[in-house]
Amino acid sequence: MTALQRELHDLIVAEGPLTVARYMALCLGHPRHGYYVTRDPLGAGGDFTTAPEISQMFGELIGLWAIGTWSLMGAPERLRLVELGPGRGTLMADLLRAARVAPAFLAAIDVHLIETSPVLRDRQQSALRSAPAPVAWRESLSDAPDGPAIVIANEFFDALPVRQFVKTGQGWCERLVGLGPTGELTFSLAPEPDARLTAAAPDDAVLERPDAALAVMDDLARRIAGQGGAALVIDYGHRGPAFGDTLQAVKKHAFVSPLSDPGEADLTAHVDFAKLDQAARAAGARTFGPVGQGDFLRALGIEARAAALTARATPDQRAGIKAALKRLVGADTGDMGVLFKAFALAHPELPTLPGFPAGS
């Protein structure tokens, strides 16, 4: 039994079963035993790998996207460059290196990394020690200074807690995490349905409510609409309303039960881009996408960048570049080009942002 599992056991005994959202929040962010509080989960030696760790091309192209977006904003002399959940700082380091082609952009920005993990903050500080722009760390988006901003969120929204409801003969009953006969964690259902949920679906269908993600999107969109700028969200998920249980746990690059190792495995749920779009529009922002990550990166020029890197690479490096390109834009199992999607929001007066279809 993990240290967090013991605390969860005692909490459930004292207060009753937990919602899935509270369980996720405790597993990922518990102040002593939370998954992100206690480790660097990235890379071959961790539990999962994100796009910036696959290839420098990803962060470099996001840098070019940021420069292009800043130009569409009228190239303001001061700009907040914000990243939500910056991992090891790899994406921002690659972004800033690519941005050296635009000295005026670098002169305009100050960087704000929204990070609560002390372990990952250390990694980010190492990666950005020689950054060509001022860098500061913040606990939340609301802590970033006011002003026009470009915000990057790569694999951030998938880690925000979701509530789950299961359709029964009575209606939609919330899924809970309780205790089994021998004290093990187990899923159960609230005894009474939530009368506010009326969607038609067959019995045993699962409905996920991303309340935490929608709250973050509301804050982000209100800032963008009110103070200027744009935000880019890249994550895995679906484009429209759908039923299904997308809660998953990953440990050592393999799927495990979400209840088996609380605090020791990454917990995520697929992003509902339709709901993010609705929340952003309701807060006054203009939206773009979602489009597949592969289409987005191709539109930004990833194939030309891969060719340029290949031209001066060794044979082994060329094979690595080719494999990284396929993983980032491909459509096969294990590739990110289709499952992962790019979505953007902007001040309503901005035109179509780079990487998105004209007129979107």
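In the model, Gln164 has no side-chain atom that pairs as donor or acceptor with a side-chain atom of Glu174 under 3.5 Å. Counted by atom type alone, Thr246 and Glu208 present one or more donor-acceptor pairs between their side chains at under 3.5 Å. No hydrogens or angles considered: nothing links the side chains of Glu155 and Thr50 as a donor-acceptor pair under 3.5 Å.
By the 4.0 Å N-to-carboxylate-O rule, Asp146 lies too far from Arg80 to be salt-bridged with it. The pair Glu264-Lys251 does not count as a salt bridge, with every side-chain nitrogen at least 4.0 angstrom from each carboxylate oxygen. Classification of Asp277 and Arg281 as a salt-bridged pair holds, one side-chain N sitting under 4.0 Å from a carboxylate O. Between Arg286 and Glu349 no salt bridge is recorded (no basic side-chain N to carboxylate O distance below 4.0 Å). No salt bridge links Lys341 with Asp235; every basic N to acidic carboxylate O contact stays at or beyond 4.0 Å.
Leu214 shares a hydrophobic cluster with Val82, Leu84, Ile114, Leu141, Val151, Phe156, Phe157, Leu160, Val216, Met217, Leu220, Ile224, Val233, Val271, Phe273, Leu276, Phe343, Leu345; the chain of contacts runs through ILVMFWY side chains whose heavy atoms sit under 4.5 Å apart.
Sorted by first and then second residue, the pairs that involve residues 72-131 and meet ring pair (Phe, Tyr, Trp, His ring centres under 6.0 Å), not counting sequence neighbours, are Trp70-Phe105. Within the structure, every pair that satisfies the ring pair (Phe, Tyr, Trp, His ring centres under 6.0 Å) test and touches residues 219-254, not counting sequence neighbours, is listed here: Trp172-Phe243, Tyr236-His270, Tyr236-Phe340.
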For this session: Could you please spell out the steps behind the salt bridge (charged side-chain N to carboxylate O under 4.0 Å, His left out) verdict for Asp332 and Lys326?
Result: CA-CA 9 Å; Asp332 293 335; Lys326 181 182 182 302; 3.1 Å; yes
